[in-house]
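Each chain gets a letter, A, B and so on, in the order its sequence line appears, and its residues count up from 1. In this text, all values refer to a predicted model and were calculated from it rather than measured experimentally.
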Protein chains: 2
Amino acid sequence: MGTTKTEHFTNKQNQIAALAKALGHPARVAIIEYLLKVNACICGDIVNELPLAQPTVSQHLKELKNAGMIKGNIEGNAICYCIDEKMIDKLLNYFTNISTKLTKQKNNCC
Amino acid sequence: MGTTKTEHFTNKQNQIAALAKALGHPARVAIIEYLLKVNACICGDIVNELPLAQPTVSQHLKELKNAGMIKGNIEGNAICYCIDEKMIDKLLNYFTNISTKLTKQKNNCC
DNA sequence: TTTGTATATTGCAATATTATGATAAAGATT
DNA sequence: AATCTTTATCATAATATTGCAATATACAAA
């Protein structure tokens with residue numbers, strides 16, 4: 001137990017859940033917002049922006065990268081991170097679809 | 001340790017993270033999709049739809065409810081759940097905003 | 001080549017999550 | 001009232017996540 005039973009769900013469900021989970025921590029939301037704010041990818045100062053120790057930030061960056069939310073390029077002794085638009089669009093499409101369906105069927109019960 | 005340092009992040013960051021976290025498990029994604037599929041709120045058969053034991057489903061429903069993603073009405077000895085459009089729209093707006101900004105600044109680095 | 005700087009990894013402690021069996025609660029049915 | 005059905009809660013086990021100090025890695029600069 002303690003392990004998610006991913007094998008019982010569809011690929012798409014697991015994929016959406018993985019993306020959502022990646023954003024399921026305020027530090028990772030803050031990282032995305034910072035990358036957005038500074039425009040494109042600025043290297044280096046992500047650690048200074050966050051109220052967390054460097055290894056913790058590094059770990060959050062790793063999780064965002066694993067989920068595909070950010071891309072990273074090595075540039076000298078720094079690493080340049082930026083948002084992967086494709087993943088944001090995947091989420092955007094998903095929620096747009098849900099919202100559209102909800103509006104159509106105006107679920108007027110609860 | 002083990003505890004998220006929510007106090008160091010903004011309310012909005014925590015809020016988005018909480019919503020994303022609620023969808024950060026395939027069972028909860030499946031629940032949302034099922035509620036959407038059957039249109040409005042059907043009572044009762046959520047448990048039968050999912051490959052998980054009843055207490056597990058109950059717990060996932062509770063988490064979705066805590067996050068505000070679904071609303072629940074008591075109807076006889078069943079409970080009637082349905083999606084809360086407001087929260088979906090909150091996420092939709094959030095990702096629309098990010099996507100718009102990303103497109104504008106065409107982050108052409110990585 | 002030593003020193004500095006930036007990021008990653010390791011190891012570990014504290015806490016959270018996932019999952020389920022057993023049981024409770026509450027209305028419905030007979 | 002006794003029973004059925006449905007959902008919630010409790011207790012517990014297994015695993016995951018969060019966070020950081022210590023350390024490693026890797027390039028830059030002196």
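To the nearest 0.5 angstrom, B:Leu35 atom CG is 10.0 Å from B:Tyr81 atom OH. Atom CG of residue A:Leu61 and atom CD1 of residue A:Ile70 lie 5.0 Å apart, to the nearest 0.5 angstrom. With values rounded to the nearest 0.5 angstrom, B:Ile16 atom CD1 is found 15.5 Å from A:His25 atom NE2.
In terms of heavy atoms, A:Ala30 sits closest to A:Leu50 at CB-CD2, 3.7 Å. Taking both residues in full, the closest heavy atoms of A:Ala18 and A:Ala67 are given as O-CB, 4.3 Å, listed atom of the first, atom of the second, then distance.
Remark: B:Glu33 pairs with no residue by the salt bridge (Lys or Arg N to Asp or Glu O under 4.0 Å) rule, at least two apart or across chains. In this structure B:Ser58 satisfies the side chain to side chain contact (heavy atoms under 4.5 Å, CB included) test together with B:Gln54, sequence neighbours excluded. Under the side chain to side chain contact (heavy atoms under 4.5 Å, CB included) criterion, B:Asn93 pairs with no residue, sequence neighbours left out. Partners of B:Phe95 according to the ring pair (Phe, Tyr, Trp, His ring centres under 6.0 Å) rule, which considers only residues two or more places apart in sequence or in another chain, are A:Phe95. Contacts of B:Asn97 classified as side chain to side chain contact (heavy atoms under 4.5 Å, CB included), with partners at least two apart in sequence or in another chain: B:Lys101.
Here the C1' atom of nucleotide C:dA26 and the CD1 atom of B:Ile79 are 10 Å apart, to the nearest Å. Across the protein-nucleic acid pair, A:Ile46 atom CD1 and C:dA8 atom P stand 9 Å apart, rounded to whole Å. To the nearest angstrom, C1' of D:dT18 lies 7 Å from CD of A:Gln59. Rounded to whole Å, atom P of D:dG19 lies 10 Å from atom CG of A:Leu50. Here the P atom of nucleotide D:dT7 and the OH atom of B:Tyr81 are 8 Å apart, to the nearest Å.
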All N/O pairs under 3.5 Å across the protein-nucleotides 12-16 of chain D interface:
{"residue": "D:dA14", "atom": "N3", "partner": "A:Met1", "partner atom": "O", "Å": "3.2"}
{"residue": "D:dA14", "atom": "N3", "partner": "A:Gly2", "partner atom": "N", "Å": "3.4"}
{"residue": "D:dT15", "atom": "O4'", "partner": "A:Met1", "partner atom": "O", "Å": "2.9"}

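Only one option out of B:Met69, B:Gln15, B:Glu85 pairs with B:Lys90 in a side chain to side chain contact (heavy atoms under 4.5 Å, CB included); it is B:Gln15.
Side-chain nitrogen and oxygen atoms of A:His60 include at least one within less than 4.0 Å of the OP1 or OP2 phosphate oxygen of D:dG19. Using a 4.0 Å cut-off, some side-chain N or O of B:His25 falls inside it from OP1 or OP2 of C:dA19.
Listed in residue order, the members of residues 51-58 of chain B having a heavy atom less than 4.0 Å from DNA chain C are B:Leu52, B:Ala53, B:Pro55, B:Thr56. Residues of residues 6-15 of chain A that place a heavy atom closer than 4.0 Å to DNA chain C do not occur. Contacts of residues 62-70 of chain A with DNA chain D (heavy atom under 4.0 Å): A:Glu63.
Put simply, the side chain of B:Thr103 gets close to the backbone of B:Ser99: a donor and an acceptor are under 3.5 Å apart. A donor-acceptor contact shorter than 3.5 Å links the side chain of A:Gln13 to the backbone of A:Thr10. A:Asp84 places no side-chain N or O within 3.5 Å of a backbone atom of A:Lys71 that could act as its donor or acceptor partner.
For residues 9-24 of chain A, no residue pair satisfies the salt bridge (charged side-chain N to carboxylate O under 4.0 Å, His left out) rule, not counting sequence neighbours. Residue pairs meeting the salt bridge (charged side-chain N to carboxylate O under 4.0 Å, His left out) criterion with at least one partner in residues 58-67 of chain B, sequence neighbours excluded, are B:Arg28-B:Glu63.
Two end axes, each from the C1' atoms of five base pairs, can be drawn for the helix from C:dT1-D:dA30 to C:dT30-D:dA1; they diverge by 20°, to 10 degrees.
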